[in-house]
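First listed ligand is number 1; within each ligand, the first listed atom is number 1.
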Amino acid sequence: MIRFESATKRYPDGTTAVDALDLEVPAGRVTVLVGPSGCGKTTSLRMVNRMVEPTAGRVLVDGRDVMAQDPARLRLGIGYVIQQAGLFPHRTVVDNVATVPRLLGRSRRDARRRALEVLERVGLPGAYADRYPVQLSGGQQQRVGVARALAADPPVLLMDEPFSAVDPVVRGQLQQELLRLQGELGKTIVFVTHDIDEAVVLGDLVAVFREGGHLAQVDTPQRLLESPADAFVADFVGRDRGFRGLSFVDAGDLPVEPYDGPVPPEGGFRRGDPLRQVLDLAISARDGCAVRLGPDGRPDGCVSHEAIARHLRERHAAARA
Ligand SMILES: Nc1ncnc2c1ncn2[C@@H]1O[C@H](COP(=O)(O)OP(=O)(O)OP(=O)(O)O)[C@@H](O)[C@H]1O
């Protein structure tokens, strides 16, 4: 677990980059720091591995003040991924990834084996190993950056806008791959982005910063979308937050009506699917109904968008009661 205790960074020119940050980053989860440009996200992230040293307050990793630890040793347990991967251009992909295991004293052969193993994990099989970074696409370079950060198997991973330089489609793929990888590895990840959609997709917890290095709200994505703490957060999470919030609501207890038609061209939904998908299906269907599929893939009911709206009204009333 990482804990910021009134962590503050003031620069000599008088800029307060981070102002008395109190934040608990739970172990084994993804915590996203999000906010407009210049609000102190990167500075907060870099206080974890001592690339930036707090001028007041403390940052603890597993209960130990980072300032009491040797920076080089501290960083061996903390992977770091940055925008545009930051790869060594004159080293091959496999050598880029093998750098940290080599630093940790592994033999050349051992480090290479480990590098190939993590490259495979991030979706880059052996064929890419001996290429140079310039011979890879932006998305592939980012994967190498992630592989390099994972090579020493650190419990903590710091990721600073790692997917901002790639196009939206590749970005979506990288996000899904990170979630899959995290499902297997369970690292403690601190992820910086200025994109609230990315924050909501990736975060178990989302910390919204406002200008001046202040924390505006820390919550689960669902709570953030449903109950922003104030007008700043509401504005930052965006106007369609109500609709996006439905991504976190399960369609399991939607009341369905009998249906004996075929599977419609737009497809159907299943019990565990998010309500956002069901509502979208209902709105796009010609008759205004989303078809539910049973475990055998055959339709077993349908729900109209009016019924979904009623269900949501009842849900809100129950939450208020
Ligand atoms: N070395 C420095 N000296 C003075 N001010 C600095 C220094 N480094 C950063 N800052 C200021 O600290 C504030 C926070 O910067 P930081 O990089 O943490 O913001 P950020 O939220 O990560 O922004 P972005 O999304 O644009 O990367 C900014 O106002 C920045 O100009």
Side-chain angles (χ1 to χ4, degrees), residues 2-25 30-61 66-67 71 74-75 78-87 138 141-142 145-146 149 156-168 170-172 174-175 178 188-203 205-219 221 224 228-238:
I2 300 167
R3 201 211 306 260
F4 294 84
E5 287 181 352
S6 301
T8 299
K9 180 65 186 181
R10 269 190 206 95
Y11 284 102
D13 67 357
T15 308
T16 302
V18 179
D19 194 12
L21 173 64
D22 285 310
L23 176 66
E24 278 198 13
V25 172
V30 181
T31 300
V32 180
L33 315 185
V34 68
S37 182
C39 64
K41 308 178 294 288
T42 294
T43 306
S44 303
L45 187 81
R46 290 184 174 182
M47 283 199 276
V48 177
N49 65 1
R50 271 191 71 171
M51 286 173 72
V52 170
E53 300 187 345
T55 43
R58 302 196 298 170
V59 180
L60 310 170
V61 176
V66 295
M67 293 307 290
L74 172 76
R75 285 175 203 152
I78 303 179
Y80 186 46
V81 189
I82 55 172
Q83 196 178 339
Q84 284 168 337
L87 303 177
Q141 289 183 25
Q142 280 312 131
V146 174
V156 175
L157 211 54
L158 307 180
M159 308 185 81
D160 194 354
E161 303 251 7
F163 308 148
S164 327
V166 294
D167 69 64
V170 175
R171 187 173 184 154
L174 290 171
Q175 290 167 354
L178 179 66
T188 303
I189 298 181
V190 189
F191 190 107
V192 164
T193 179
H194 57 263
D195 177 353
I196 184 67
D197 291 322
E198 183 162 75
V200 161
V201 167
L202 294 178
L205 266 186
V206 177
V208 182
F209 283 65
R210 71 167 91 233
E211 235 134 278
H214 297 284
L215 191 56
Q217 185 171 358
V218 191
D219 243 315
L224 203 66
D230 57 23
F232 167 80
V233 180
D235 186 49
F236 187 74
V237 297

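When each atom of ligand 1 is checked for a heavy atom of Ala17 under 4.0 Å away, the hits are 12 (O), 13 (C), 14 (C). Atoms of ligand 1 found under 4.0 Å from any heavy atom of Cys39 (numbered from 1 in listed order, with element): 19 (O), 20 (P), 21 (O).
Looking at Val52, Val18, Thr43, Thr16, it is Thr43 that brings a heavy atom closest to atom 18 (O) of ligand 1.
Close N/O approach between Gly38 and ligand 1 is found [any backbone or side-chain N/O within under 3.5 Å]. Between Lys41 and ligand 1, a contact under 3.5 Å exists for at least one N or O pair.
Protein heavy atom nearest atom 19 (O) of ligand 1, with residue, atom name and distance: Gly40 N, 3.3 Å. For atom 11 (C) of ligand 1, the nearest protein heavy atom (residue, atom name, distance) is Thr15 CG2, 3.8 Å. The protein heavy-atom contact nearest to atom 1 (N) of ligand 1 is Tyr11 CE2, 3.4 Å.
In this structure, the side-chain contact (heavy atoms from CB on, under 4.5 Å) partners of Glu211, at least two apart in sequence or on a different chain, are Pro36.
Pairing each heavy atom of Met47 with each of Thr8, the nearest pair is SD-O, 4.3 Å.
Side-chain contact, Asp13 with Thr15: a donor N or O sits under 3.5 Å from an acceptor N or O.
With a 4.0 Å heavy-atom cut-off, ligand 1 is reached by no atom of Val192.
Atom NE2 of His194 and atom CZ of Phe236 lie 8.5 Å apart (nearest 0.5 Å). Once rounded to the nearest 0.5 Å, the distance linking NZ of Lys9 with OG1 of Thr43 reads 8.5 Å.
Judged as a salt bridge (charged side-chain N to carboxylate O under 4.0 Å, His left out), not a single pair has a partner in residues 35-48 (not counting sequence neighbours).
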